Trainee: 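I am attaching a structure below and will ask some questions about it afterwards.
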Amino acid sequence: MSICFRSLNYLPSSINSCLSQSKGKKNHALGKLAASITPQIEELVTLSENNKIPFPNSPSTNRNFIGPLSNSSIGIIGGLFSDPSLNFSKKLDSNSPFVVCKDPPLRNDELSSFAFPSGKTGPAHNSHQSSIVENLRRKRVFLEKSGVCCIAMPCQVLHLWHDEINEGCSVPFLHMGECVAKELKEAKLRPIEAGSPLRIGVLAINPTLVAKVYREKLEQEGFEVIMPDKATVEHIVIPAIEAISRKDFEGARNLFRIALQVLLVKAVNKIVVASDEFRGLLPPDDPLWRRCVDPVDSLARSAVEYARDLGHP
């Protein structure tokens, strides 16, 4: 049974009923569980107030809240859009309860500051971005206090600040790059060309993200990281994302295929698609997509594996 709690920023004053997400029918079992955890939720609110963990918005009385069912629940910090969190939750095992904590989507100007950090001092030193990192830390702390066994953040861009958000965390805060590198290592791949190193392609438009989130983790496992050159990014990758924004999915799909082929001719074993925008462009059985790695898949599998190892699910 999966329990989805939409936002920790809108806490209700009371819990009256719980509705099953399937078929819109009332689930009396969940209702009893919700009633039983009301004191725990009140305790969490008290803890957050005592520790000065503010919420960006005031509580709402028209939202129902369901807390984690056990200490094997998976905490999810929502991303810049709703899709990554929704996509991630669908990939979890049906027996893995989870809690989602996220804000409303960011404005376009805020998104640009996240997706394209600039400046020699790095994104974390920008005052606006630092405030957002602090906001994400508060979400992490709240998930910890809710009793989750681990925390996942299924947004590619937010992983630029994973280390800062993770500082002081008392439960495992899964890293997308580490999850990808671990699975690729366990796959026991063989070089495409005899005598050459194992090469992994990473497709992204943000070199800072690749360097900080993927390159180090993959190189630690012995892989050589291959990225598209500047011309490919400017003339193929970025236009593909622009096509998606115009809802020209056929054009985006064609450009995406070309970008993948550019990396494959460089004898890479797999391609890490480090851009949420490309998810779903190709069908799962497409030969090109089979050569790809979706980091959200790896993150979800790692979260479920960790919860299972506790022996509770």
Side-chain angles (χ1 to χ4, degrees), residues 1-12 14-45 47-48 53 55 59-60 63-79 82-103 136 138-155 158 165-166 169-176 179 294-313:
M1 177 176 59
S2 295
I3 303 302
C4 180
F5 143 28
R6 300 262 176 190
S7 174
L8 285 168
N9 297 320
Y10 299 89
L11 292 176
S14 62
I15 303 174
N16 297 320
S17 64
C18 298
L19 296 179
S20 171
Q21 296 296 321
S22 61
K23 301 181 181 179
K25 296 181 180 179
K26 185 175 290 187
N27 188 318
H28 297 289
L30 290 182
K32 292 178 181 179
L33 280 168
S36 69
I37 64 167
T38 301
Q40 300 175 30
I41 303 308
E42 292 175 348
E43 180 182 358
L44 291 179
V45 175
L47 284 171
S48 66
I53 303 173
F55 297 96
S60 171
R63 294 170 182 258
N64 288 324
F65 170 83
I66 305 174
L69 300 181
S70 71
N71 60 359
S72 63
S73 299
I74 298 169
I76 305 172
I77 296 179
S82 59
D83 287 349
S85 301
L86 179 61
N87 180 56
F88 179 83
S89 65
K90 288 180 178 178
K91 296 176 183 294
L92 296 177
D93 186 278
S94 59
N95 293 321
S96 299
F98 63 88
V99 180
V100 180
C101 177
K102 74 182 299 294
D103 282 329
L136 292 168
R138 292 196 292 267
K139 289 175 173 56
R140 187 217 78 203
V141 170
F142 200 98
L143 288 172
E144 287 179 84
K145 293 181 183 298
S146 72
V148 299
C149 71
C150 64
I151 297 174
M153 188 165 59
C155 177
L158 292 186
I165 301 166
N166 181 46
C169 189
S170 62
V171 299
F173 187 10
L174 303 179
H175 188 286
M176 199 175 286
C179 295
D294 184 347
V296 175
D297 285 346
S298 298
L299 185 66
R301 285 190 288 266
S302 295
V304 171
E305 180 182 355
Y306 186 84
R308 283 178 176 172
D309 286 346
L310 295 178
H312 295 294

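Note that the structure is a prediction, hence the values are computed from the model and not measured.
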Trainee: Atom SG of Cys155 and atom CG of Asn87: how far apart are they, to the nearest 0.5 Å?
Mentor: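 Reported to 0.5 Å precision, the distance equals 12.0 Å.
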Trainee: Restricting to non-hydrogen atoms, name the atom on Leu86 and the atom on Ser89 that form the minimum distance, rounded to 0.1 Å.
Mentor: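 Answer, listing the atom of Leu86 first, then Ser89: O-OG, 2.8 Å.
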Trainee: Identify the two heavy atoms, one from Pro154 and one from Ile76, that lie closest to each other, and give their separation to 0.1 Å.
Mentor: CD-CG2, 3.7 Å
Trainee: Can you list the residues that meet the side-chain contact (heavy atoms from CB on, under 4.5 Å) rule with Ser298, with sequence neighbours excluded?
Mentor: Cys179, Val180, Glu183, Val293, Arg301
Trainee: CG/Leu143 to CE/Met153 distance, rounded to the nearest 0.5 angstrom?
Mentor: 11.5 Å
Trainee: Identify the two heavy atoms, one from Lys139 and one from Cys101, that lie closest to each other, and give their separation to 0.1 Å.
Mentor: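 Reported closest heavy-atom pair: CG-SG, 3.4 Å.
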Trainee: Calculate, to the nearest 0.5 Å, the distance between atoms CG and CD1 belonging to Leu174 and Ile74 respectively.
Mentor: 8.5 Å
Trainee: With sequence neighbours left out, write down each residue that passes side-chain contact (heavy atoms from CB on, under 4.5 Å) with Glu305, or none if nothing qualifies.
Mentor: Lys182, Asp309
Trainee: Between Arg308 and Asp93, is any pair of side-chain heavy atoms under 4.5 Å apart?
Mentor: yes
Trainee: Going from CZ on Arg140 to NZ on Lys145, what distance comes out if it is rounded to the nearest 0.5 angstrom?
Mentor: 9.5 Å
Trainee: Which atom names give the shortest non-hydrogen contact between Cys169 and Ile151, and what distance separates them?
Mentor: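 Heavy atoms of Cys169 and Ile151 come nearest at SG-CD1, 4.3 Å.
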Trainee: What closest approach, in Å, do Tyr306 and Cys149 show between heavy atoms, and which atom pair accounts for it?
Mentor: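 For Tyr306 versus Cys149, the nearest heavy atoms are CE2-O, 3.3 Å.
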Trainee: Would you check if Ile77 and Phe173 make a side-chain contact, meaning some heavy-atom pair closer than 4.5 Å?
Mentor: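 Ile77 reaches Phe173 side chain to side chain.
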Trainee: Rounded to the nearest 0.5 Å, how far apart are CD1 of Ile165 and CZ of Arg138?
Mentor: 12.0 Å
